[in-house]
Structures are given as structure tokens and as C-alpha cells.
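To start, the structure itself, in C-alpha cells.
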Amino acid sequence: MRILFTGASSFTGYWFARELVQAGHELTCPLRGRLEDYAGVRRRRAEALKSLVRFLPGTSFGAEGFLKLARDGSWDVLCHHAAEVTNYKSPEFDAQAALHHNTLNLPGVLEALKSGGVPAMVLTGTVFESGEGAGDEPLRAFSPYGLSKTLTWEMFLYYCTRAELPLGKFVIPNPFGPLEEERFTGYLMSNWREGRIAAVKTPAYVRDNIPVDLLASMYRQFVETVAARKPPLSRFNPSGYVSEQGAFAQRVARETQARLDWACELELWQQTDFSEPLRRINREPAAPLAPAWDETAFWDAFAEFYSRPRP
């Protein structure tokens, strides 16, 4: 397939694009900025993809250059994975501004896709949206970022239904793996690499942590399904390791100790902050749907990546 794919420089976007290319698909990847403006791990991801995909820097979703691409007429599916995520954990995250960026000129984009004959599109969502996943009821948006993704989905659902364009939604839980920005597992590994004890301040939260290459395999399967079957609406909520965060940290410690000469010491705090829902997870176990996925190889690559000196 020929795929128009946004958000390729993100953590999950890199792995999704890589998986799609390895499956034989051809990707064109618009970027909001220029490659030379990227830094750190985002720059590393973009550089790693340069030989695999066709990048179009300075081509934001909804802008005129993007509309011209959409009218091209040679795409089998549009995968809109890009989203505004800067400071996504902050309570001050601007959900309205994020919605604007995520859906810029959406009716015009869909009109261009229809005129170009694009048969379907896939939107990426998050388990932290309102109404997604399973957990504490009611399933409210997790945060202003979750609210922005909820509103983004509602916009796409409304306008795609009106335009009679088949729409699939791929819902992400908590991915982790190589080339990730420093979040929970990165924090654990950074402390252990330096011989420090890693503190888990919220060990009681039940979350859904999924190896990013397994998630990418699920995404590729979903995109192929949406493009081939062209359902009016479909959704997939793949799930990984479901457990309390303390137990997940212990899993990471065990897998790391088996591969690296690190102590991997943990300190599980008595949790007092319950400002987030206690439990929020996806619903469909992914591993049984990917018989070729190699769990041992994932953990080998995970440990090898974090064993390297940080650039």
C-alpha cells in the first residue's frame, strides 16, 4: 500500500512507520518542522527513518501543502498519528490549542481525500480519553491531554461520517521500549544505570504497559484491515502487561537483571496521591494476536538500548 502517515518522528510513530515499511508498504511522512530543527531522541528517530520513508518537512496537517498531498489520488489510506503532545502531563496543557492543531482544516482535508479517491483513514487515540478502555467508572478524560484527544476523535467521527469516509481508531495504552523519551521505564533505567535506587511513588495505579514493537505489529495489522475491508467504523484497543505499576517496575527489574550487571533496586512508596483513576487499561490482549512476536528479543533490545551511554 501507499500510505500517507503523519507523526513519524514521535516514539510510537517511528515504530509504526518502521513496521509498515518492513511489511512492504510505502510511506510518505509529512512533518510539521524541518529535520535539522529536531534534537535529541526525536532527531535520532527521524535520522533512522530517512532511508525508509519519504519525509516532507514543513507540511503540517491541514495546511495547503497537505491538501495537495491528499488530492494526489495515489494513497491507499491516511494514517493520522500526529498530535500535539508538548507538556502533555501538565495540568496546564492547552486542550483547545491541541484540538486546533490536531484537526486543522479537517473538512478541507476530508474533501481533498475524497476527491483524491483515498478509501479510508486511521486515527490514533489514547486509553486516557473519555470513554476509552476499562477501569474506574465513569471513564472520564484522564487529563487536559486526554480531553484534547477525546475532542479530536469526536471531530473526526463527525466529519468522516458526514463525508462517508471509513474511519478506524487505534487506541494506545502505555507503550515503552527503545528510542522513547524518558518516561517511567526511562526513569527506572537511568537510575539503575547510575547505580541508584529507583523510587516508584504511585505503585498502586493499575496501568497497561505494552512493548512498543508488539504495539507496532498490532497497528500494522489494523491499518491493513481498515484499508482492505473498508468498514464504516472500526476500533482496536490492544493491551500489553496489565498490572499495578509497582509490579510492572519489578518486571522491568527482573528482565534487566537477567541481561545486565545492574542491581536494579526499587523502593515502592506507600501511595498517597490518587489524583488519577486507580485503574485504566485497554481491553484486547495483543500477544495472542501476534504469534511471531518475540518477547525475549524485545527485552534483549530494551536492555541493550539502555545500556549504551546517553548521547
Side-chain angles (χ1 to χ4, degrees), residues 8-19 35 37-50 85-90 126 128 145 172-217 239-273 276 281 286-287 293-311:
S9 66
S10 69
F11 168 51
T12 47
Y14 163 81
W15 284 95
F16 291 178
R18 185 172 177 262
E19 173 75 17
L35 285 175
D37 293 335
Y38 292 160
V41 70
R42 183 175 290 272
R43 178 66 176 267
R44 293 174 64 190
R45 293 191 296 251
E47 291 290 340
L49 283 177
K50 278 176 63 175
V85 296
T86 303
N87 296 324
Y88 74 97
K89 287 190 173 183
S90 171
T126 170
F128 301 127
Y145 167 69
I172 292 178
N174 291 323
F176 71 100
L179 292 174
E180 181 183 8
E181 285 83 5
E182 185 159 311
R183 299 193 302 167
F184 184 59
T185 53
Y187 158 78
L188 295 176
M189 298 299 281
S190 294
N191 276 275
W192 294 337
R193 185 173 51 247
E194 300 300 323
R196 298 191 295 263
I197 298 172
V200 182
K201 299 178 182 179
T202 54
Y205 280 150
V206 177
R207 296 292 181 258
D208 191 342
N209 297 284
I210 188 168
V212 70
D213 61 344
L214 175 59
L215 184 70
S217 176
S239 176
Y241 300 126
V242 174
S243 69
E244 293 183 343
Q245 284 294 84
F248 174 66
Q250 290 169 335
R251 178 192 290 270
V252 178
R254 289 194 304 272
E255 297 289 354
T256 302
Q257 287 171 326
R259 292 164 173 83
L260 300 174
D261 186 22
W262 293 0
C264 299
E265 293 182 276
L266 281 169
E267 181 181 334
L268 305 185
W269 288 22
Q270 182 68 39
Q271 184 166 334
T272 57
D273 177 6
E276 297 179 359
I281 61 174
W293 179 62
D294 189 332
E295 185 174 15
T296 298
F298 167 77
W299 284 107
D300 289 345
F302 176 86
E304 194 277 330
F305 173 77
Y306 280 106
S307 70
R308 304 175 206 156
R310 297 298 87 193

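Start at 1 with the first residue, then count along the sequence.
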For a quick test of your reading: what N or O donor-acceptor pairs under 3.5 Å do the side chains of residues 245-254 make, sequence neighbours left out?
unit_1	atom_1	unit_2	atom_2	d
Q245	OE1	N209	ND2	2.8

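Side-chain N or O atoms of Y241 include none that pairs as donor or acceptor with a backbone N or O of P211 at under 3.5 Å. With hydrogens and angles disregarded, no donor-acceptor distance shorter than 3.5 Å links the side chain of R259 to the backbone of A301. A side-chain donor-acceptor contact under 3.5 Å links Q271 to the backbone of A204. The closest donor-acceptor contact from the side chain of W293 to the backbone of D213 lies at 3.5 Å or more, if one exists at all. Listed for the D208 side chain is no donor-acceptor partner under 3.5 Å among the backbone atoms of V242.
E267 meets the salt bridge (Lys or Arg N to Asp or Glu O under 4.0 Å) test with no other residue; sequence neighbours excluded.
Taking CD of E194 as the start and CH2 of W262 as the end, the distance is 8.5 Å to the nearest 0.5 Å. In this structure, S9 OG and R45 CZ are separated by 6.5 Å, a value rounded to the nearest 0.5 Å. To the nearest 0.5 Å, the span separating CD1 on I281 from OH on Y205 amounts to 16.0 Å. To the nearest 0.5 Å, atom CZ of residue F184 and atom CZ of residue R207 are 11.0 Å apart. In this structure, the separation between CG on L179 and CZ on R44 is 5.5 Å, given to the nearest 0.5 Å. Atom OG1 of residue T202 and atom CD of residue E244 lie 10.5 Å apart, to the nearest 0.5 angstrom.
Looking at heavy atoms from C-beta onward, F128 lies in side-chain contact with N174 at the 4.5 angstrom threshold. Put simply, the side chain of Y38 does not reach to within 4.5 Å of the side chain of E47, judged on heavy atoms. Contact of the T185 side chain with the E180 side chain is registered, since non-hydrogen atoms from C-beta on lie closer than 4.5 Å. For the pair W192 and L260, the minimum side-chain heavy-atom distance is 4.5 Å or more.
Between K89 and E276, no side-chain nitrogen of the basic residue sits less than 4.0 Å from a carboxylate oxygen of the acidic one, so the salt-bridge criterion is not met.
Separation of the Y306 and W299 ring centroids does not fall under the 6.0 Å cut-off.
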